[in-house]
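These notes concern the structure reproduced below.
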Protein chains: 2
Amino acid sequence: MTRSRVTVVDIAQAAGVSKSTVSLVLQASPLVNEQTRAKVNAAIRELGYVYNRGAANLRQTASSKIVGIVVNDLTNSFFAELAVGMDMVMQSAGFVQFLANTGESIDRQREVVASMREHGISGLIISPARGTEAADFKPLTAAGVPVVVVVRNIAGAKVSSLLSDNYAGARQATEHLISLGHRRIAFLGGFSDTAVSGERMLGYREALAAAGLDADAALMVNSAPSRAGGVTAIERAMLIADRPTAALCFNDAVAFGVCDGLRARGLEPGRDFGVVGFDDVIEAETAVPALTTVSVDPQGMGRRAAQMLLKQINSGRVEAEAQVASVRLVVRQSCGATLKTWDGGATHDTASHDTVGTDRRQHDRA
Amino acid sequence: MTRSRVTVVDIAQAAGVSKSTVSLVLQASPLVNEQTRAKVNAAIRELGYVYNRGAANLRQTASSKIVGIVVNDLTNSFFAELAVGMDMVMQSAGFVQFLANTGESIDRQREVVASMREHGISGLIISPARGTEAADFKPLTAAGVPVVVVVRNIAGAKVSSLLSDNYAGARQATEHLISLGHRRIAFLGGFSDTAVSGERMLGYREALAAAGLDADAALMVNSAPSRAGGVTAIERAMLIADRPTAALCFNDAVAFGVCDGLRARGLEPGRDFGVVGFDDVIEAETAVPALTTVSVDPQGMGRRAAQMLLKQINSGRVEAEAQVASVRLVVRQSCGATLKTWDGGATHDTASHDTVGTDRRQHDRA
DNA sequence: TGACTATTTTGGAACGATCCAATAAATCTC
DNA sequence: GAGATTTATTGGATCGTTCCAAAATAGTCA
């Protein structure tokens with residue numbers, strides 16, 4: 001016996017006014033008399049009324065107060081934090097968000113976006129799955145739904161974007177490793193056919209070139225952009241004859257995997273091998289050794305993307321705007337630059353240095 | 001010039017039928033003639049029609065195909081994976097989900113649940129913030145909205161729940177550490193005033209008691225249930241005179257922090273100190289040393305919770321059902337079990353074993 | 001008091017899809 | 001070929017809110 005919903009009419013009846021008046025109270029209109037407002041509010045509380053936004057949204061002037069957020073891998077801390085950042089500003093703005101995970105499946109992405117549209121989102125933030133094309137956003141923009149693309153760029157799409165400065169970050173990180181004395185620097189993880197990977201790799205290569213080092217193709221190894229991928233990437237990188245002594249990793253997850261892989265072969269990241277990540281996820285700081293990484297502040301990026309979207313929703317204009325979030329290298333321990341004390345090992349009795357490189361040794365175990 | 005929405009009437013006109021017929025086509029009714037259906041579908045594609053679910057939901061017989069998911073800390077892998085598990089089955093069932101992060105704020109939680117209700121969720125899965133009371137769910141259940149509480153129990157709430165068997169898991173893990181010869185076993189991390197922590201701590205204490213060991217209050221140290229919390233917890237635990245030789249950690253995040261903290265003081269987890277986590281997050285397997293932990297399979301739990309909710313939504317009956325997800329101890333390396341000769345002494349010259357870390361040695365620096 | 005503002009309140013027509021009862025068209029039955 | 005049956009189609013009322021034009025009430029001033 002599910003009793004039928006409590007509606008404005010019920011409230012009106014209970015408060016002895018018309019439904020129009022109740023409606024005015026609901027939207028806090030100054031037109032309504034204080035006493036009347038109090039009576040209506042009392043009735044609302046009394047009857048346990050809940051506003052039906054769906055009904056209100058029917059009138060085409062209304063905004064649904066719903067946005068869609070689509071990410072490709074929520075299990076990756078980077079995206080989880082991105083989502084949390086968005087959530088914060090959306091909640092504060094009185095919006096509620098659909099969130100969907102695509103797991104890089106373009107089909108799921110299409111379904112999920114279609115589904116969100118049916119439910120009437122007033123905007124969409126998406127970190128597109130691999131293979132997403134500019135044309136995929138056509139229907140959205142044509143319908144006047146603002147879209148913000150984050151993290152991964154979609155060439156030719158007439159939507160707003162918020163990307164991190166991958167080129168600059170990678171270049172800076174690579175230069176840092178070079179300044180520490182490294183000459184054989186690997187680029188590990190990620191898929192080179194993605195825009196993000198391409199940009200980071202370009203920064204890496206140009207930094208090498210500028211220093212007069214040549215980019216050995218054997219030093220660039222693709223892998224899944226995950227911790228497990230990092231393990232396999234470093235394994236492969238150490239198979240070649242002229243081994244790297246340091247690596248720029250596609251992201252922090254890969255970097256952690258690389259650290260795992262190094263330890264598995266008896267090498268200590270930061271001491272025996274320089275490791276630099278990308279993203280600066282929350283664990284990067286507390287990990288041991290603390291991860292030197294390019295900070296992109298995912299939560300901040302999420303907040304910023306949300307603000308971009310809100311601005312467009314509120315202004316009513318759908319005008320593409322491309323923003324680039326600047327990044328900065330955060331030097332911690334995994335690159336070897338701040339090497340302090342854990343030199344430990346009996347076969348190892350160097351004094352402390354503040355750079356890597358001097359006490360690096362080759363552990364031949366293969 | 002945002003042209004007004006395309007509606008069923010427009011489609012009807014274009015296809016030369018009535019809006020009722022269009023509606024029948026939309027819900028794939030067998031009543032409609034094949035040719036008519038084709039005509040209508042063509043018009044739908046032609047005009048770029050998008051279904052307006054909000055309008056459909058007005059009729060009270062309809063189900064909104066929206067569920068709400070509320071978690072308290074999406075940056076914790078455990079919850080991220082839980083969410084992904086739910087997302088999977090919800091997507092497959094044609095539902096779309098609101099997702100909100102409360103960050104343990106009971107106010108945000110209340111706001112966000114209210115907001116979701118206004119948008120017409122047909123069900124809610126919630127991992128309640130600390131301090132949530134049974135009464136908070138009253139309005140939901142009274143309105144016939146099924147609720148599934150996950151992870152944390154709310155005593156007295158008349159809603160369904162899916163909890164992991166914290167008691168059994170903690171007991172099993174503690175027994176395992178005891179069987180490895182440990183006598184001073186700490187319980188690190190978490191807040192003892194939460195249900196989850198209470199259950200796990202009980203399992204820990206009863207295992208100790210059953211083995212004739214007494215539970216030293218100094219060995220139980222509270223901390224935030226995060227990686228950073230784990231670092232501080234182990235630091236505090238190592239300050240006491242009669243130090244622990246192993247620890248059961250509140251969750252995997254804490255366990256990783258404990259490993260970090262141990263390394264910072266020159267101790268190698270798994271060799272010099274037994275560490276057991278709880279949750280079995282995805283990184284537990286690939287970490288070095290691989291984390292011995294109580295597997296609760298967060299993704300599987302998410303899927304299961306989603307299924308419970310769907311069952312209730314579909315059956316229309318709101319009947320509370322309490323499920324307990326069984327857990328199992330996954331023995332990896334961090335507990336030291338794969339190292340046979342654990343003796344806890346400072347002088348330590350074990351031979352090679354088939355684990356990582358054979359050439360790592362103890363660094364006494366404290 | 002009556003005319004004239006302000007200030008409040010209010011029916012009814014949207015909004016877009018569904019569903020029921022009723023109709024129209026096609027097929028069958030004897 | 002008239003009636004019964006099956007198969008397709010269709011107006012209109014409905015869901016809960018907003019908004020507009022209009023009405024009712026209160027307040028002001030000559």
Side-chain angles (χ1 to χ4, degrees), chain A residues 2-41 43-44 47-66 115 117-122 143, chain B residues 2-41 43-44 47-66 117-122 143-144:
Chain A
T2 65
R3 23 194 275 252
S4 63
R5 281 184 281 213
V6 178
T7 80
V8 276
V9 189
D10 301 315
I11 303 299
Q13 206 144 25
V17 297
S18 79
K19 63 185 165 48
S20 301
T21 304
V22 176
S23 175
L24 290 174
V25 171
L26 285 175
Q27 41 206 320
S29 163
L31 267 57
V32 52
N33 181 295
E34 266 324 311
Q35 285 180 29
T36 318
R37 184 193 308 281
K39 259 193 312 189
V40 171
N41 279 326
I44 285 177
L47 302 189
Y49 168 74
V50 332
Y51 185 70
N52 185 334
R53 229 168 250 283
N57 289 160
L58 225 44
R59 332 222 64 246
Q60 61 231 57
T61 50
S63 144
S64 71
K65 292 282 185 179
I66 305 178
S115 186
R117 279 200 72 192
E118 293 188 352
H119 282 102
I121 51 176
S122 10
Chain B
T2 65
R3 24 193 277 251
S4 61
R5 279 183 282 212
V6 178
T7 79
V8 276
V9 189
D10 300 316
I11 302 300
Q13 204 145 24
V17 297
S18 79
K19 62 187 165 48
S20 302
T21 305
V22 177
S23 176
L24 289 175
V25 171
L26 285 176
Q27 39 206 319
S29 163
L31 266 59
V32 53
N33 181 296
E34 266 324 311
Q35 285 181 30
T36 318
R37 184 192 308 281
K39 260 194 309 186
V40 170
N41 279 327
I44 284 177
L47 302 189
Y49 168 75
V50 333
Y51 185 71
N52 185 334
R53 230 167 249 283
N57 290 160
L58 265 185
R59 332 218 68 247
Q60 60 230 62
T61 48
S63 144
S64 71
K65 290 282 186 183
I66 305 179
R117 278 200 71 191
E118 294 188 351
H119 282 103
I121 51 176
S122 18

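This structure is a prediction, so every number in the text was calculated from the model and none was measured. Each chain gets a letter, A, B and so on, in the order the sequences are listed, and its residues count up from 1.
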Rounded distance (nearest 0.5 Å) linking atom OG of A/Ser18 with atom CG of A/Leu24: 8.0 Å
Heavy-atom closest contact (B/Tyr49 atom, B/Ile11 atom, distance): CB-CD1, 3.7 Å
Five-pair end axes of the helix from C/dT1-D/dA30 to C/dC30-D/dG1 and the angle they enclose, rounded to 10°: 50°
Pair B/His119-A/His119, side chain to side chain contact (heavy atoms under 4.5 Å, CB included): steps then yes or no: CA-CA 10 Å; B/His119 282 103; A/His119 282 102; over 6 Å; no
Which atom of B/Thr7 lies closest to which atom of B/Asp10, heavy atoms considered: N-OD2, 2.8 Å
Interatomic spacing from OG in A/Ser23 to OH in A/Tyr51 - rounded to 0.5 Å: 7.0 Å
A/Gly120 backbone acceptor or donor facing A/Ser64 side chain under 3.5 Å: yes
Partners meeting salt bridge (Lys or Arg N to Asp or Glu O under 4.0 Å) with B/Arg117 (sequence neighbours left out): none
Closest contact, heavy atoms only, A/Ala62 versus A/Ala56: CB-O, 3.7 Å
Flag side-chain contact, heavy atom, 4.5 Å: B/Asn52 against A/Leu58: yes
Heavy atoms of other groups near B/Gln35 CD, more than 12 under 6.0 Å: no
Rounded distance [0.5 Å steps], CD1 in B/Ile66 versus CG in B/Asn57: 6.5 Å
Heavy-atom contact window of chain B on DNA chain C, given 5' to 3' at under 4.0 Å: C/dG16 to C/dC19
Value rounded to 0.5 Å, distance of CG in B/Asn41 from OG1 in B/Thr36: 11.0 Å
Interface with DNA chain D, restricted to residues 32-40 of chain A and to heavy atoms under 4.0 Å: none
Expected output: side-chain A/Arg37 to main-chain A/Ser29 donor-acceptor under 3.5 Å: yes
Heavy-atom closest contact (A/Arg53 atom, A/Lys65 atom, distance): NH1-CG, 3.8 Å
Interface limits on DNA chain D, where chain B has a heavy atom under 4.0 Å of a nucleotide atom: D/dA8 to D/dG16
Neighbours of DNA chain D within residues 10-21 of chain B, by heavy-atom distance under 4.0 Å: B/Val17, B/Ser18, B/Lys19, B/Ser20, B/Thr21
